[in-house]
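Data block below; observations after.
Every value quoted in this text rests on a predicted model; they were computed, and no experiment measured them. In listed order, ligands and their atoms are each counted from 1. Computed from heavy atoms alone, side chains included, the values below leave out hydrogens, waters and symmetry copies.
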Amino acid sequence: MSEPCRVSFRDGRLASRKAEEAAYRRYQASQWLEDMAGPLDLSPNPSEQEFVSCLRSGHVLCTAINKIQPGAVPKVVTIHSLGTPNDIQPLPAYQYFENVRNFLVAINELKLLSFEASDLEKDTVENGSAAKIVDCVLSLKSYYEWKQCNGGAGPLKFVKSPLVAHSAGRTQSNAISSGSSISSRRLDLTAGSDKQNATRNKSLISEDLGISLSKVLSNCLLNSKENIDCNLLDAQDGCQDSNILLLTEIMSSFLQDQKHNNLNCVTDNCKHISLLEAQQNELSELRSLLSMIKMEFVNMQTQLQNDLMLLGNYFQGLSAAASGYHQAVRENKLLYNSLQELRGNIRVFCRVRPSFNMEGKSSIDYTGNDGSLIVIDPSNPQSTRKIFHFNKIFGPDATQDEVYKDTQTLIRSVMDGFNVCIFAYGQTGSGKTHTMCGPSSGLNKNFGVSYMALNDLFQISSAREDIKYEIQVQMVEVYNEQVRDLLKDMPAIKLEIKNCSVNGGLSVPDASTRSVQSVDDVLNLMKLGEKNRVFSSTALNSRSSRSHSVLTVHIIGEDITRCRIRSCLHLVDLAGSERVDKSEVTGDRLKEAQHINRSLSCLGDVIAALAQKNSHIPYRNSKLTQLLQNSLGGHAKVLMFAHVSPEADYYGETVSTLKFAQRVSTVQLGAAHSNRESSEVWELKEQIESLKKALSRKEMHKLVPLCKMKENRPLEETQNHAVHTPSPSWKLNTESVPVKMVGPTSNPTHANVHNSLSQIVHTPTFSRRSSIDHPRVLKANSTEKVVDEVFSKSPIKEPEIGTEHASIQLRRLSTEGFKCLKMVFLVLRCLAKVFQF
Ligand SMILES: Nc1ncnc2c1ncn2[C@@H]1O[C@H](COP(=O)(O)OP(=O)(O)OP(=O)(O)O)[C@@H](O)[C@H]1O
């Protein structure tokens, strides 16, 4: 398309759009004026002339403004000669000028869009004068609506005609954009008649367009870019009026496009806003969630702290309970042992064997749960019944388990460091071996006390984790007054019984000692012992034990504080007493029976002496009593099983056994002591042991040549030989008083030592220092007793004897007080033994 054609097309389009818009605005204004001031007698679409003529008198305008703002025009001149537009006669100016002037004053006061009074006077409407009037009316309408709707609050918005420039009142709308302000300036150009103004306005347009449109163009849609560029060029090239109109049209078109774009933007913005709102909602939800989580976290933290505190309290409670438990266990042990003591450390149980003669009468008349037993002589029913009381009676029906159940409590004592001795007594065939070892058939369920006791020891040992135990077993028999090792294949070797205190708690130190780790080990050893034990067939028992068997279990324990316990359990199956006339034994069996009966008689003597609390207990009268000395005379717990046969034939033996048992039950032993000692005491004891051994070696070494020398000397010389010290290296400080050994020195007998020590104790120094009961010393019947008697009361505070080495040792030990003093006494006791030897 050529340039002129394009311009003319644009002209036509602009003109029609302008006319449409102006007509529409007039229509709005006339409609509103009719609503406010009554019918105006106008056509539905009034022309500009028609509209202006209708308002020329100012009456309608004043009426309308007075309705909105009563009193805005105080005096309205009424015009009666209104006619149709065709026969309108121009009225004199003074008739309506006053109304118009008052109206314009009121409009200016309201700061609304205004017009010139002359705009109403013109016969022909030119250059948008009618549009100004329309704008004024519409601004009044907007004011009215603003007042109605908002009560005068908020911003007042109204739109003026794009082709009108207003000189008074509100010249710019609050609602319109900067594009509108440009257009208003541009309209000044159209409205101005002054040439200078026109030039200034043109330059302004160019400037504004240059700035604003460049901004707009950068954001404008692509489809309008081409037109805007062309129009901009046109606007800048020409300043002629036609071009200005063209620019106006371009701007109008641009504003339309922008309006459209704005709508799209608004839609997009709405979407964005809704999205933003949704996101904000989501954000606020997240924030509230976060605050909730924070609160929850704080709550959980508090809860955790509370829980930790509770847990701490709980653990404290537990540890308190644990220590309480340990305390209770300790107290329980003490109470238990006290109870044992109250019951008496010798306890006697009686067990009645089932009768082999079912048809014959039983000598056992009654067995009570309270430990009472009544026997009667079946051959003489008139005879008085004899009543015996023991700690427990087991009838013929009692099982092995029932018997062991009452024994079990003693076994625990062994693990606590007490020596325990359980022995079975009774006539031959009464069931001693059955109780101690079980039946010869060896059925598991009928294991005897020995096996079950060892089983318990192992269980207790493994249950107590704080103490490590070592269990060793010895098994010997006393056969024909000889002690034999049952765990050796050659049991015929005779063994010596020695003092336990000297031999680390072993009565028979030379007997083989086997460490056992399990009950099976014990069972094997017991089988070996049973195999080696002497059994014979007699008239009363097809497998009669011809010896006293002693199974000794040594327990050595060490706890975490290095405190040690050392105890032993003697399980003694005595040979049965028998009447040789009944057992019909002869030869070796008779000799065995005599030995058995004699040793049992010695046991009876010991028991009697203990029961009567004699000062002398005849332990040394038999090997059996020697072996049991430590248990019977020491601080051990003793349990005796008295076995009786119920048959009428054995009534005499039964009564005899029961009487013996009754006497045993009356024996009061001293309180049982736990052999529990601290590590220091153990170490000291070990040192004493080694010193004793060293001493005895030296003494032996010295005595042998001395003895040889003495053999060649005359008796008097030997008798007069002064013994300054028992040993050159271990000498007692007796202020050099010579002590003469009485009797042959080659064999320092009890009498020799006795006299020598008597001399020592009679020395002034010793006498001064001690409070020794001399008559008692002199009465003491053994060297050992003399030494005991002398030194048990010795006030010697420091060791005064010893070789150089021993002296150093002793001095070191002397700082440790009483224990060392005790050790000196023990060394002296050794010296006494050496002399005895
Ligand atoms: N309580 C009992 N229940 C069943 N049988 C028993 C009971 N006591 C003993 N006997 C049986 O009696 C017999 C003799 O028992 P046992 O050998 O134990 O007597 P003893 O006292 O050891 O004899 P000895 O002194 O001669 O060795 C055995 O056959 C044994 O099984």
Side-chain angles (χ1 to χ4, degrees), residues 349-358 360 362-364 367 373 392-407 422-452 477-480 486 526 529-551 571-585 588-601 603 624 640-647 649-650 653-654 656-658 660-661:
F349 293 168
C350 180
R351 189 174 190 187
V352 181
R353 170 175 61 72
S355 179
F356 294 148
N357 183 5
M358 303 306 285
S362 170
S363 59
I364 309 301
T367 55
L373 176 79
K392 186 88 184 175
I393 303 285
F394 297 104
D397 301 327
T399 62
Q400 298 283 77
D401 285 337
E402 285 168 5
V403 172
Y404 181 68
K405 204 174 166 189
D406 284 279
T407 315
I422 302 172
F423 68 96
Y425 179 89
Q427 75 164 121
T428 183
S430 58
K432 300 180 292 294
T433 310
H434 184 88
T435 297
M436 297 305 289
C437 304
S440 48
S441 59
L443 289 173
N444 277 0
K445 61 175 183 174
N446 276 333
F447 276 129
V449 167
S450 302
Y451 176 84
M452 288 196 262
E477 69 173 352
V478 180
Y479 175 72
N480 287 349
L486 287 178
M526 282 169 72
E530 288 292 300
K531 196 183 90 185
N532 289 334
R533 194 178 173 189
V534 179
F535 288 95
S536 296
S537 176
T538 67
L540 301 175
N541 189 356
S542 59
R543 187 178 155 78
S544 177
S545 315
R546 309 312 291 169
S547 65
H548 310 295
S549 112
V550 181
L551 171 67
L571 297 161
V572 186
D573 177 16
L574 296 175
S577 60
E578 62 186 67
R579 283 173 56 179
V580 287
D581 53 332
K582 278 191 185 175
S583 60
E584 299 166 5
V585 288
D588 284 349
R589 299 290 86 82
L590 180 62
K591 194 180 160 195
E592 285 166 2
Q594 285 168 345
H595 276 298
I596 291 167
N597 287 342
R598 195 177 304 130
S599 61
L600 291 174
S601 165
L603 180 64
L624 176 65
M640 170 182 160
F641 280 105
H643 291 84
V644 290
S645 306
E647 289 87 4
D649 287 353
Y650 306 128
E653 286 85 350
T654 299
S656 165
T657 300
L658 292 175
F660 178 79

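At a heavy-atom distance under 4.0 Å, only side-chain atoms of Pro354, from C-beta outward, approach ligand 1. Proximity of His643 to ligand 1, defined as any heavy-atom pair under 4.0 Å, is not found for any part of the residue.
Qualifying side-chain hydrogen bond (donor to acceptor under 3.5 Å, both in side chains) partners for Thr435, counting only residues two or more places apart in sequence or in other chains: Arg351, His643.
Listed by number with element, the atoms of ligand 1 under 4.0 Å from a non-hydrogen atom of Ser430 are 19 (O), 21 (O). Listed by atom number, the atoms of ligand 1 under 4.0 Å from Gly576 heavy atoms are 25 (O). Every atom of ligand 1 with a heavy atom of Arg351 under 4.0 Å away is listed here by number and element: 1 (N).
No hydrogens or angles considered: a donor-acceptor pair under 3.5 Å links the side chains of Ser645 and Arg353.
The option with the heavy atom closest to atom 23 (O) of ligand 1, from among Gly429, Ala575, Pro439, is Gly429.
Distance check, rounded to the nearest 0.5 Å: CG of Asn480 to CD of Gln594 gives 9.5 Å. Taking CD1 of Ile422 as the reference point, atom CE of Met436 lies at 6.0 Å (rounded to 0.5 Å). A distance of 7.0 Å separates OG1 in Thr433 from CD in Glu530, rounded to the nearest 0.5 Å.
Annotation for Ala575 and Lys432: closest pair C-CE, 3.8 Å, computed over non-hydrogen atoms.
At least one N/O-N/O distance between Thr428 and ligand 1 falls below 3.5 Å. Residue contacts with ligand 1: Gly431 is placed with a nitrogen or oxygen under 3.5 Å of a nitrogen or oxygen of the ligand (distance criterion only).
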